[in-house]
Amino acid sequence: RLAAIHHQNTTHDGDSAAAGDDDSIVSAISNASTNPFQMSNFHFSLMNKTETTLQDRFILDTGSTLSLIGNKELVTNIHDTTSPTQIATNGGVMTTTQQATIPGFGTVQFHDNAIANIIGFADLTKTHRIKYDSAMGDVFYAKNKETGTVICFKRNSDGLYECEPSAAYMRQVKQANFSALTLNIV
């Protein structure tokens, strides 16, 4: 099981979604069984593949106060930060000294020893309107406040809500990382 993650310097900007967003989220929910969703260029599928590990997907964590990624193949722009972040979990305290970017989502903490790729629910609310209706499936739907696109976190057999990046998302990240490497060499 994943432990709750706590950040010592977390702020909440208090953004709220517009009142008329419910209809478009409900529409997306009703089409969820047939359509993959895309958030800007951040692609997900609703497939649950038990043969993959926590390192291959994003986990939505309502107990987390930040987002922490451990798989460098899921992010771009890994870089050192000016101040370390202390993260307390059930497994102990971890200090991160790096951040990275999830295309279409934003900046996250990065540590290559993280056991999972955590998307903090509180972080997601800054850029997305989140809806859950168990009558429509055991899925969290998150609608991007700027683009209107929807992503899904579906419960897996272990009870965790996850998104598996699509092949298109993985190609986008790989290309961005290759381009950054090329620029650093030249």
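All heavy atoms count here, side chains included; hydrogens, waters and symmetry mates do not. Computed from a prediction, not measured in an experiment: that's the story for all the values here.
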K.L.:
Any side-chain to backbone donor/acceptor pair from Thr76 onto Asn177? Under 3.5 Å, distance only.
P.N.:
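Side chain of Thr76 to backbone of Asn177, a donor-acceptor pair under 3.5 Å: no, none is there.
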K.L.:
Taking all atoms of both residues into account, what is the closest heavy-atom pair of His79 and Asn77, and its distance?
P.N.:
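Closest approach of His79 to Asn77, heavy atoms only: ND1-O, 2.7 Å.
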K.L.:
Sequence neighbours left out, what passes side chain to side chain contact (heavy atoms under 4.5 Å, CB included) with Ala114? Give chain and number order.
P.N.:
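Ala114 satisfies side chain to side chain contact (heavy atoms under 4.5 Å, CB included) with Leu68 once adjacent residues are dropped.
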K.L.:
Are the side chains of Asn117 and Gln55 in contact, using a 4.5 Å heavy-atom criterion?
P.N.:
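Sidechains of Asn117 and Gln55: in contact.
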K.L.:
According to the interplanar angle, ranging from 0 to 90°, do the rings of Phe140 and Phe121 count as parallel (below 30°), tilted (30 to 60°) or perpendicular (above 60°)?
P.N.:
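Answer is perpendicular, since the angle exceeds 60°.
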K.L.:
How close do Val139 and Tyr132 get, heavy atom to heavy atom, and via which atoms?
P.N.:
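Minimum heavy-atom separation between Val139 and Tyr132: O-CD1, 3.2 Å.
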K.L.:
Does Ile130 form a side chain to side chain contact (heavy atoms under 4.5 Å, CB included) with Thr125? I'd like the steps, not just the answer.
P.N.:
CA-CA 7 Å; Ile130 303 170; Thr125 64; 3.7 Å; yes
K.L.:
Tell me whether Asn113 contacts the main-chain N or O of Gly70 through its side chain, where contact means a donor paired with an acceptor under 3.5 Å.
P.N.:
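Side chain of Asn113 to backbone of Gly70, a donor-acceptor pair under 3.5 Å: no, none is there.
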K.L.:
When rounded to the nearest 0.5 angstrom, what distance separates OG in Ser64 from CD1 in Ile87?
P.N.:
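The distance works out to 8.0 Å.
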K.L.:
Take atom CD of Glu73 as the centre, draw a 6.0 Å sphere, and report whether it contains more than 12 heavy atoms from other residues, nucleotides or ligands.
P.N.:
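Check fails, neighbour count at 12 or below.
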K.L.:
In Å and rounded to the nearest 0.5 Å, what is the CZ to CD distance from Phe153 to Glu162?
P.N.:
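Separation between the atoms: 10.0 Å.
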K.L.:
When rounded to the nearest 0.5 angstrom, what is the spacing between CD1 in Ile115 and CG in Asn71?
P.N.:
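Ile115 atom CD1 to Asn71 atom CG measures 13.5 Å (nearest 0.5 Å).
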K.L.:
How far does CG of Asp123 sit from OG of Ser67, to the nearest 0.5 angstrom?
P.N.:
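One finds 3.5 Å between CG of Asp123 and OG of Ser67.
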K.L.:
Work out which heavy atom in Ile69 is nearest to a heavy atom in Ile119; give both atom names and the distance.
P.N.:
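Looks like CD1-CD1, 4.4 Å.
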K.L.:
Quick one, Asp138 and Tyr161 - any side-chain contact, counting heavy atoms below 4.5 Å?
P.N.:
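Touching, per the 4.5 Å side-chain cut-off.
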K.L.:
Heavy atoms, side chains only, cut-off 4.5 Å: are Phe110 and Lys72 in contact?
P.N.:
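Side-chain contact under 4.5 Å: yes.
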K.L.:
What heavy-atom pair brings Pro165 and Met170 nearest, and what distance separates the two atoms?
P.N.:
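Looks like CB-SD, 3.8 Å.
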K.L.:
Can you tell me how far NZ of Lys154 sits from CD of Glu164, rounded to the nearest 0.5 angstrom?
P.N.:
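Going from the CD atom of Glu164 to the NZ atom of Lys154 covers 11.0 Å.
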K.L.:
For Asn156 and Asp158, indicate whether the former's side chain and the latter's backbone hold a donor-acceptor pair under 3.5 Å.
P.N.:
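Looks like yes, one N/O pair under 3.5 Å.
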K.L.:
Would you be so kind as to tabulate the donor-acceptor pairs closer than 3.5 Å made by side chains of residues 91-105, with sequence neighbours excluded?
P.N.:
residue, atom, partner, partner atom, Å
Thr95, OG1, Gln86, NE2, 2.8
Thr96, OG1, Gln109, OE1, 2.7
Gln98, NE2, Asp80, OD1, 3.4

K.L.:
Any chance you could measure Leu160, atom CG, to Ile118, atom CD1, to the nearest 0.5 Å?
P.N.:
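If we round to the nearest 0.5 Å, Leu160:CG and Ile118:CD1 are 8.0 Å apart.
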